[in-house]
Amino acid sequence: MGKAWRELSLQCPLLTPSGACSIYDIRPMICRIWGLVKSMACPFGCVPERWLTDTEAHALLAKAEEW
């Protein structure tokens, strides 16, 4: 089986050379919920005040697709 996503060395193509998001104000929902769902926990150790459940995350993604 392939590597877990946390082990992959992937970088968003929309990051600036300094590592900042170049589309922060209009970033997609998947970027907005990254680090807020345990299955997509921040690899740098950041922890939200409250984790979103997978159900909540899926609902947000589904709603974003409607727009």
Which value, rounded to the nearest 0.5 Å, describes the distance between [X] atom [atom1] and [Y] atom [atom2]?
X	Y	atom1	atom2	result
Arg27	Leu14	CZ	CG	12.5 Å
Leu52	Arg32	CG	CZ	13.5 Å
Ile26	Cys31	CD1	SG	11.0 Å

Are Val37 and Leu61 connected into the same hydrophobic cluster when the rule is that any two of I, L, V, M, F, W, Y join if their side-chain heavy atoms are below 4.5 Å apart?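 Cluster IDs for Leu61 and Val37 match.
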Residues Thr55 and Thr53: side-chain donor-acceptor under 3.5 angstrom: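 Not at all, the side chains of Thr55 and Thr53 share no donor-acceptor pair under 3.5 Å.
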If you look at every heavy atom in [X] and [Y], which pair is closest and at what distance?
X	Y	value
Pro48	Gly35	CD-O, 3.6 Å
Met29	Leu60	CG-O, 3.9 Å
Ser22	Thr16	CB-CG2, 4.0 Å

Looking at side-chain heavy atoms only, is the closest gap between Glu56 and Leu36 below 4.5 Å?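 No. Closest side-chain heavy atoms not under 4.5 Å.
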